[in-house]
Chemist: 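Can you read through this structure? Questions will come right after.
All values below come from the heavy atoms of this structure, side chains included, with hydrogens, waters and symmetry mates left out.
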Amino acid sequence: MAGVRLSVPAGRWLVFTTVLGSAMALLDSTVVNVALPRIGLDLGADLPVLQWTVNAYMLTLAGLILLGGALGDRFGRRRVFVTGVVWFSLASLVCGLAPNAGVLIAARALQGIGGALLTPGSLALIQSVIHHDDRARAIGLWSGFGGIGAAIGPFLGGWLVDGPGWRWVFFINVPLAAVCVPVALRHVPETSNPRAHGRFDVLGALLGAATLGLITYALIAAPQKGASPAVVVPAVAGLALGVIFVLVERRRREPMLPLSIFSSHQFSAVNAVTLCVYAAFGGFFFLAVLDLQVVVGYSALAAGTALLPTTTLMLLLSARSGELGKRIGPRIPLTVGPLLCAAGMLLMTRAGVGAVYWRDILPALLVLGMGMVVVVAPLTATVLASVEVARAGLASGVNNAAARAAGLIAVAALPLLAGMGPEAYRSADAFGDTFRRAMPICAGVLVLGAILAWRTVRSDALEQVGEEAGAPAGAGAAARAEPGEGAVRPEGLVCHPECAYHCGVAAPPLDPGDLSAPPPLDPDGRRSGT
């Protein structure tokens, strides 16, 4: 396929529909948190229900997102993308109509399945359909508009909650889908990967989701039920299923998660940093929106607006942060960024009763936002650069799933660690006390991530080797590996990210990187594959 030019209507329609579809999932990661206090009051729900409102979605999304990408490659990216959009919107409709907490949580889990289908497909469509010469610009538009959507999410969520009501946080997805689906079916050509074959690793996906689900259940239930069988049995079962998941993935011919990708020490190290960073982010944004409304006394709109500085800074500065990471290497940004975020979360402990926004809250959010700017873009670039170019898409998917799983566990565990009871969010004093205990925990996890980055991430991880170093592919790789790391950087050209704007607070962007670079030279000076 020659590719569709961005200058023709078909190219512009493609970008429009992929932006619209992915915006549904991006908005969901920010707007729902703003609605949580009102959901709890309207449904008479306690804190565990609010945790499950967030985590039911994250659970199925994190567990199935790798499978969603594989389905698109096999059965058609447009088909799976459209299926995901329709599924997501129908689940959103059920969320908005939910008469009780049980229906809401079940619908949120279904919503996550739709998200796992549409999220990988949006960027994959641009990668596979848009002409090579226009791809960078198209992806820039996609990530830029997506970033704007993520940035305004808290504001939009607050406006909906204070206006027509919290149910419209979910209803808004229905008209978006009603526009997105017809445009996709009419203007977007179908593509697939003809080399995709073999069986889908459904067992691996189910085992992964069950592992996360059981551990999450145990953590959320622990404050009420203590060390009872209702908590211990799911926890032990979750850990056992986690071991079985690893064994199954190791033995399957075509696993959902090829464990061989972790043979790159650099990839494993960056994912460990990712777990720390996004666990802290997930816990912070879950609790901060509650604190602003329950303790400080903000309306939903004011609370959503108050958080705008973090995502706005990411939207404005993430591209420059990515360029800085290329120039100085990722080690310093991945160390300094988490430390700045930790400082911002510690400053957020001033957000108590009677707090003044400009004095007590804005400085914390600005410091946190700058830390997120510094860390997220270099993190994505380092993930892509730590594996062979051909596995960059898989690496990005694994990193995205790891970040979502970290946020899932943090939302479940942080109230337990901070001593937050089921009714804590109904009392300003009780919630304020536990919030001030939770922020140092988040900061400590970020400091751990900074230490891991400083000790394990190489400064030269984003440099290209082989052809651009003036030597055959891989000639300088062993020499550049730092002592004691025991791993050699992948040979040839480094895969760099194509998404310039990073505004998602739930996970780093799915980004298969620039796969259009010429293949590396083989030892005879010829292009591999030619």
Chemist: Hey, does Arg167 have a side-chain heavy atom less than 4.5 Å from the side chain of Asp42?
Modeler: yes
Chemist: Can you tell me if Thr18 uses its side chain to pair, donor with acceptor, with the backbone of Val15 under 3.5 Å?
Modeler: yes
Chemist: Could you report the tightest heavy-atom contact between Gly153 and Val31, atom names first, then the distance?
Modeler: O-CG1, 2.9 Å
Chemist: Mind checking the CG-CG spacing from Asn400 to Leu510? Nearest 0.5 Å is all I need.
Modeler: 4.0 Å
Chemist: Has the side chain of Arg77 got a donor or acceptor atom that lies under 3.5 Å from a matching backbone atom of Gly72?
Modeler: no
Chemist: Return yes if some donor-acceptor pair links the side-chain N/O of Trp13 with the main-chain N/O of Val188 below 3.5 Å, else return no.
Modeler: no
Chemist: Assess the pair Phe284 and Phe281: is the distance between their ring centroids shorter than 6.0 Å?
Modeler: no
Chemist: Could you tell me whether the side chain of His131 reaches within less than 4.5 Å of the side chain of Val4, counting heavy atoms only?
Modeler: no
Chemist: Taking atom CZ as the centre, does Arg137 end up with more than 12 heavy-atom neighbours from other residues, nucleotides or ligands that are less than 6.0 angstrom away?
Modeler: no
Chemist: Above 12 or not: heavy atoms from other molecules or residues under 6.0 Å from OH of Tyr298?
Modeler: yes
Chemist: Which heavy-atom pair separates Val383 from Ala395 by the least distance, and what is that distance?
Modeler: CG1-O, 3.6 Å
Chemist: Determine yes or no for a side-chain-to-main-chain donor-acceptor pair under 3.5 angstrom, with Asp511 supplying the side chain and Glu498 the backbone.
Modeler: yes
Chemist: Answer yes or no: is there a side-chain heavy-atom contact under 4.5 Å between Thr216 and Trp52?
Modeler: yes
Chemist: Let me have the donor-acceptor pairs involving side chains of residues 170-185, under 3.5 Å, with sequence neighbours excluded, atom names and distances please.
Modeler:
| from | atom 1 | to | atom 2 | distance (Å) |
| --- | --- | --- | --- | --- |
| Asn173 | ND2 | Ser92 | OG | 3.0 |

Chemist: Checking Thr60 side chain against Ala109 main chain: does a donor-acceptor pair fall under 3.5 Å?
Modeler: yes
Chemist: Are Asn55 and Leu59 side-chain neighbours, meaning at least one heavy-atom pair lies under 4.5 Å?
Modeler: no
Chemist: Would Met256 and Phe200 count as a side chain to side chain contact (heavy atoms under 4.5 Å, CB included) here? Give the steps.
Modeler: CA-CA 8 Å; Met256 177 187 73; Phe200 292 109; over 6 Å; no
Chemist: Any ion pair linking Arg253 and Asp201 (charged N to carboxylate O, less than 4.0 Å)?
Modeler: no
Chemist: Please check if any side-chain donor atom of Asn399 sits under 3.5 Å from a side-chain acceptor atom of Thr274, or the reverse.
Modeler: yes
Chemist: Please check: side-chain N/O of Ser264 versus main-chain N/O of Ser386, any donor-acceptor pairing under 3.5 Å?
Modeler: yes
Chemist: Under the criterion side chain to side chain contact (heavy atoms under 4.5 Å, CB included), I'd like the reasoning laid out for Val277 against Met372: C-alpha separation, chi angles, the key distance, then a yes or no.
Modeler: CA-CA 9 Å; Val277 167; Met372 295 172 75; over 6 Å; no
Chemist: Is the Phe88 ring parallel, tilted or perpendicular to the Tyr57 ring (thresholds 30°, 60°)?
Modeler: perpendicular
Chemist: If you look at every heavy atom in Val373 and Leu313, which pair is closest and at what distance?
Modeler: CG2-O, 3.4 Å
Chemist: Any side-chain heavy atom of Leu141 within less than 4.5 Å of one from Val19?
Modeler: no
Chemist: For the side chain of Asn100 and the backbone of Val103, is there at least one donor-acceptor N/O pair under 3.5 Å apart?
Modeler: yes
Chemist: Over all heavy atoms of both residues, which pair between Pro330 and Leu462 is shortest? Give the atoms and the distance, please.
Modeler: CD-CG, 3.9 Å
Chemist: Salt-bridge test for Glu323 and Lys326: reply yes if a basic N is under 4.0 Å from a carboxylate O, no otherwise.
Modeler: yes
Chemist: Taking side chain as C-beta onward, heavy atoms only, is Trp159 less than 4.5 Å from Thr305?
Modeler: no
Chemist: Can you see whether Arg12 engages Thr17 through a side-chain donor-acceptor pair at a distance of less than 3.5 angstrom?
Modeler: no
Chemist: Counting N and O atoms only, with roles assigned by atom type, does the side chain of Gln51 sit under 3.5 Å from a partner on the main chain of Ile220, one being a donor and the other an acceptor?
Modeler: no
Chemist: Examine distances only and state if a side-chain atom of Gln111 and a backbone atom of Leu61 form a donor-acceptor pair shorter than 3.5 Å.
Modeler: no
Chemist: Can you check whether Tyr278 reaches Leu379 side chain to side chain, under 4.5 Å on heavy atoms?
Modeler: yes
Chemist: Side-chain contact test, heavy atoms from C-beta onward, threshold under 4.5 Å: evaluate it for Leu301 versus Leu160 and give yes or no.
Modeler: no
Chemist: Checking Ser318 side chain against Ala377 main chain: does a donor-acceptor pair fall under 3.5 Å?
Modeler: no
Chemist: Could you check Arg250, Arg391, Glu249 and say which one makes a side-chain hydrogen bond (donor to acceptor under 3.5 Å, both in side chains) with Ser260?
Modeler: Arg391
